[in-house]
Novice: 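Shown below is the structure under consideration.
Worth knowing before you read on, the calculation uses all heavy atoms, side chains too, and leaves out hydrogens, waters and symmetry mates. Just so it is clear, the structure is predicted and the values come from calculations on it, not from any experiment. Chain letters run A, B, ... following the sequence lines, proteins first and then strands; every chain starts at 1.
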Amino acid sequence: MTSRPNIPVRVRFAPSPTGNLHLGGARTALFNFLFARHHGGVMLLRIEDTDRERSTEAAIAAILDGMRWLDLTWDEGPVFQTSRLDRYRDLALDLIARGHAYRCVCTPDELEERRKDAQAKGLPPRYDGRCRDRKISADTPHVVRFRNIPDQIVAFDDLIRGPLSFDSGLLDDLVILRTDGMPTYNFAVVVDDADMKITHVIRGDDHINNTPRQIPIFRALGADIPDFAHLPMIFGSDRTKLSKRHGATSVMAYREMGYLPHALANYLVRLGWSHKDQEIFTREELIAHFDLDHVGSSPSVFNPEKLLWLNAHYIKNASDTVLSPLVSELLPPLSEPLPQATDPDHRVRVVSLLKGRAKTLLELAEFSLPYLDRSLAIDPVAREKALGPESVFILEPIFVALSSLPEWSADPIKNVFTQIGEALNKKLGELAQPVRVALTGKTVSPGIFDVLMLAGREISLVRIEAALALARTPFSVTSSSPTGKDLS
RNA sequence: GGUCCCAUCGUCUAGUGGCCUAGGACGCUGGCCUCUCACGCCGGAAACACGGGUUCGAACCCCGUUGGGACCA
């Protein structure tokens, strides 16, 4: 709960545009979003681009794309820190004028040397305050340092961790403005959070040590200090901070791998937050239930398998008409498109039949191919299993009976299988398997009647006939080429 | 090295002093369903890091130990 019930909630998501939106950042954005929505507040997007070396336009675009894809809307911004440089300089000057900050002309080399000396003597490697009381002209190249007040306990009540306190004596006289006039991270953040009237700072755990540096700056600025909530980290399977080497970590990589945005968001929200035993949440439920009280304080390990399960669940429950265009986007180019491949209704039916088996949209796209493309790749193992010489005795009568069917619909097709099954004294499974491989190239597919219906009369018969030809041809998995493709 | 954080099944977690013989989910696994594979359904194995306190009573509160991590250098 918030400690300021009467003031509207204002939160911000403040990424540095140095790369893609990664999973940790996405979860931070998500929690901010849900917190703002839950409280009917405002979410601001701020791009912390003062590190000009590492910030790129591409990264800015990637972050915005990632947020839009995840359906995380913001109410204000994006505000760019580089558009506020004058403001930081003005306030730094103001702090100097009021004695909270001072100019420092110590060079990096000098500082490095002193740091080494201090370490050699077993002292903490901090700035020694040499320039604190010098009168340094604004004309000489200098940095601006914040005057730390020693022998103080900086305490705050973290909304997730509870009371936290730090000894200010251990803090440095932080540089707030570099020689080139650019603000440092800790200064720009505080100026912005103060100016933008942020009420709750919800951010990653990695900033927890920054908080006691920032609080004195809020005070010196005469600004209200927001509430802080530090989210636990997301680890990779080796329990270190999630990074590239743990595999895909960018949000957009999951889009490319065929994940649904709400599945990813649902997975991410359960990393650290819980609502009793509930695993699946609609967006409305998340907004209704989300709170900081039920955010845990221990880090969590990213588990791709659970995400995959959630994705499968979301695919299974998504509407066919929503799914179909998403699948089409991920479809590889068709070599010989069937006439019905361009029919949107046909594509919807394909998705409808297959979605229960797919864990990703990419899989769904792959499963769709036999119903959209004339050319068919037959899996060699499937061929060996189901299209051996003995399958001729099954495929032959089925082909004949299906060919003479006056009407291509479910009941007559079923009757064909029933009758042939009785005649040959074979169970449906034994009949279905060769036909399945003939039509889909795989031993796994939806029910055989559904497959026949969806493939349609013409392509079904063509493929069964082709399979018959194959079944009559000697075949060895080991000796021939692995792709028994392009039969049609 | 300094500062800080964290600790329930392999993983995500429920649990806020008695409802805990510790619940749910993923994964694993046995079975049912079944034309294959999934889905679904029913079942199983699997955890309170350790040691001290406090208390009539502790997964839950306190201290320590151990282990892990983050930040700064």
Side-chain angles (χ1 to χ4, degrees), chain A residues 24 111-112 115-116 118-120 122-127 154 156 158 160-162 164-172 174 185-186 204-213 230-243 266-281 293-313 315-317 353-359 363-364 367 382 385-386 394 413-414 417-418 421 426-437 439-440 442-452:
Chain A
L111 292 171
E112 183 56 32
R115 196 174 289 137
K116 277 184 184 153
Q119 261 177 323
L123 298 170
R126 278 182 289 135
Y127 180 63
V154 181
F156 63 99
D158 191 283
I160 292 168
R161 306 307 168 98
L164 257 28
S165 67
F166 300 78
D167 181 354
S168 77
L170 272 5
L171 268 29
D172 240 331
L174 204 69
Y185 168 77
N186 277 306
D205 209 347
D206 43 348
H207 288 296
I208 213 161
N209 287 306
N210 283 325
T211 311
R213 301 171 190 283
H230 288 96
L231 306 173
M233 305 266 80
I234 300 176
F235 286 164
S237 49
D238 61 354
R239 297 190 167 273
T240 62
K241 197 174 167 180
L242 201 62
S243 68
N266 196 149
Y267 177 72
L268 253 18
V269 80
R270 286 285 290 100
L271 243 33
W273 178 78
S274 62
H275 180 67
K276 303 288 173 66
D277 284 341
Q278 192 169 344
E279 296 285 351
I280 314 275
F281 296 87
D293 295 345
H294 291 87
V295 175
S297 41
S298 56
S300 35
V301 174
F302 181 74
N303 180 351
E305 283 170 337
K306 188 160 184 179
L307 169 57
L308 200 58
W309 169 76
L310 267 167
N311 199 50
H313 173 89
I315 288 176
K316 206 177 304 151
N317 290 288
L353 185 62
L354 298 170
K355 69 177 181 180
R357 287 173 170 70
K359 288 193 188 301
E363 272 186 7
L364 196 40
F367 295 164
K385 271 192 201 161
I394 291 165
I413 293 175
K414 272 184 204 170
F417 278 76
T418 310
K426 297 221 182 265
K427 291 181 180 167
L428 177 56
E430 295 173 84
L431 305 185
Q433 219 41 11
V435 180
R436 171 171 287 117
V437 174
L439 260 70
T440 67
K442 296 190 177 69
T443 52
V444 167
S445 85
I448 193 63
F449 306 122
D450 290 328
V451 170
L452 283 160

Novice: Between B/G24 and A/E279, counting only base atoms on the nucleotide and side-chain atoms on the residue, is there a donor-acceptor pair under 3.5 Å?
Specialist: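 Present.
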Novice: Considering only the C1' atoms, how many Å lie between B/C48 and B/C72, rounded to the nearest integer?
Specialist: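 Here B/C48 and B/C72 have their C1' atoms 34 Å from each other.
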Novice: With rounding to the closest Å, how many angstrom separate the P atoms on B/U66 and B/C50?
Specialist: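 To the nearest whole Å, 16 Å.
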Novice: Under 4.0 Å, heavy atoms only, any strand: does A/L431 hit a base, just the sugar-phosphate, or nothing?
Specialist: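 Here A/L431 touches no strand at all.
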Novice: Check the pair A/H207, A/Y185 against side-chain contact (heavy atoms from CB on, under 4.5 Å), reporting the backbone distance first and the verdict last.
Specialist: CA-CA 11 Å; A/H207 288 296; A/Y185 168 77; 3.0 Å; yes
Novice: Whom does B/C32 pair with, Watson-Crick or G-U wobble, provided both distances fall under 3.5 Å?
Specialist: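 Pair assignment: B/C32 / B/G40.
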Novice: Do A/P232 and A/V295 have side-chain heavy atoms sitting under 4.5 Å apart?
Specialist: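 Side-chain contact under 4.5 Å: yes.
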Novice: Which nucleotide in the set B/A14, B/C12, B/C4 lies at the smallest distance from any side-chain heavy atom of A/I208?
Specialist: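 Closest of the options to the side chain of A/I208: B/C4.
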Novice: Taking a pair as Watson-Crick or G-U wobble with both distances under 3.5 Å, which nucleotide is matched to B/G67?
Specialist: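 B/G67 is paired with B/C6.
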Novice: Which one, B/C5, B/U3, B/G24, comes nearest to the side chain of A/D277?
Specialist: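 Between B/C5, B/U3, B/G24, the one nearest the side chain of A/D277 would be B/G24.
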Novice: Looking across every strand, which nucleic acid part, if any, lies under 4.0 Å from A/G272 by heavy atom: base, sugar-phosphate, or nothing?
Specialist: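 Sugar-phosphate contact only - A/G272 comes under 4.0 Å of backbone atoms but never of a base.
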Novice: Tell me, with the steps shown, if A/E279 and A/K306 meet side-chain contact (heavy atoms from CB on, under 4.5 Å).
Specialist: CA-CA 11 Å; A/E279 296 285 351; A/K306 188 160 184 179; 3.1 Å; yes
Novice: Heavy atoms only, 4.0 Å cut-off, all strands: where does A/I448 land among base, sugar-phosphate and nothing?
Specialist: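 If one applies the 4.0 Å heavy-atom cut-off, A/I448 turns out to touch a base.
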Novice: With rounding to the closest Å, how many angstrom separate the C1' atoms on B/G23 and B/A14?
Specialist: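 That atom pair is separated by 6 Å.
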Novice: Between B/C35, B/C71, B/C12, which one does the side chain of A/L428 approach most closely?
Specialist: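 Ranking B/C35, B/C71, B/C12 by closest atom to the A/L428 side chain puts B/C35 first.
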Novice: Got A/K359 and A/N311 here, is their nearest side-chain heavy-atom distance under 4.5 Å?
Specialist: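 A side-chain contact under 4.5 Å is absent here.
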Novice: Fit a plane to each ring of A/W273 and A/H275, take the angle between them on a 0 to 90° scale, and name the class: parallel (under 30°), tilted (30 to 60°) or perpendicular (over 60°).
Specialist: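 The arrangement is parallel - the two ring planes meet at less than 30°.
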Novice: For nucleotides 62-68 of chain B, give me one character per nucleotide, 5' to 3': B if any protein heavy atom sits under 4.0 Å from the base, S if the only such contacts are to the sugar-phosphate, - if neither.
Specialist: -------
Novice: Any non-hydrogen side-chain atom of A/N266 less than 4.5 Å from a side-chain atom of A/H313?
Specialist: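 Sidechains of A/H313 and A/N266: no contact.
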Novice: Counting only side-chain heavy atoms from C-beta out, which of B/C6, B/C5, B/A14 sits nearest to A/S274?
Specialist: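 Nearest listed nucleotide: B/A14.
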Novice: Determine the interatomic distance between C1' on B/U11 and the same-named atom on B/A46; round to the nearest Å.
Specialist: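 Pairwise C1' distance, B/U11 against B/A46, rounds to 12 Å.
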Novice: Measuring only between side-chain heavy atoms, which start at C-beta, is A/F302 closer than 4.5 Å to A/L307?
Specialist: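 Contact flag for A/F302/A/L307 side chains = yes.
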Novice: Taking side chain to side chain contact (heavy atoms under 4.5 Å, CB included) as the definition, give me every residue that meets it alongside A/I413, ordered by chain and number, with sequence neighbours left out.
Specialist: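 Expected list: A/L402, A/L405, A/W408, A/F417, A/F449, A/L452, A/M453.
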Novice: Suppose we screen for side chain to side chain contact (heavy atoms under 4.5 Å, CB included). Which residues come up paired with A/K442, at least two apart in sequence or across chains?
Specialist: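 Once residues adjacent in sequence are excluded, the partners of A/K442 under the side chain to side chain contact (heavy atoms under 4.5 Å, CB included) criterion are A/E366, A/T440.
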Novice: Does A/N303 reach a base, just sugar-phosphate, or nothing at all? Heavy atoms under 4.0 Å.
Specialist: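 Result for A/N303 = base.
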Novice: Can you identify which nucleotide, out of B/U3, B/C12, B/A7, has its nearest atom closest to the A/S297 side chain?
Specialist: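 For A/S297, the side-chain atoms sit closest to B/A7.
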Novice: Between B/C5 and B/C62, how far apart are the P atoms? Round to whole Å, please.
Specialist: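 One P to the other, the span is 13 Å.
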Novice: What nitrogen or oxygen pairs link the protein and nucleotides 37-40 of chain B at under 3.5 Å?
Specialist:
from, atom 1, to, atom 2, distance (Å)
B/C37, O2, A/R357, NE, 2.6
B/C37, N3, A/R357, NE, 3.3
B/C37, N3, A/R357, NH2, 2.7
B/C37, N4, A/R357, NH2, 3.4
B/C39, O3', A/K316, NZ, 3.2

Novice: Taking the P atom of each, how far is B/A22 from B/A45, in whole Å?
Specialist: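 Comparing P positions in B/A22 and B/A45 gives a spacing of 11 Å.
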Novice: Pick the C1' atom in B/C33 and in B/A38, then give their distance to the nearest Å.
Specialist: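 12 Å, rounded to whole Å.
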Novice: Can you list everything that forms a side chain to side chain contact (heavy atoms under 4.5 Å, CB included) with A/E430? Sequence neighbours excluded, please.
Specialist: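 Only A/K426, A/K427 meet the side chain to side chain contact (heavy atoms under 4.5 Å, CB included) criterion with A/E430.
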Novice: So what does A/F166 hit on the nucleic acid, given a heavy-atom distance under 4.0 Å: a base, only sugar-phosphate, or nothing?
Specialist: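 Here A/F166 touches the backbone only, sparing every base.
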Novice: Residues in ring pair (Phe, Tyr, Trp, His ring centres under 6.0 Å) with A/F166, at least two apart?
Specialist: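 Checked A/F166 against ring pair (Phe, Tyr, Trp, His ring centres under 6.0 Å); zero matches.
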Novice: Among B/C6, B/A70, B/G15, which is the nearest nucleotide to the side chain of A/H294?
Specialist: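 Of the candidates, B/G15 comes closest.
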Novice: What distance, rounded to whole Å, do you find between the two P atoms, one in B/G64 and one in B/C4?
Specialist: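 Per the computed distance, 13 Å lies between those P atoms.
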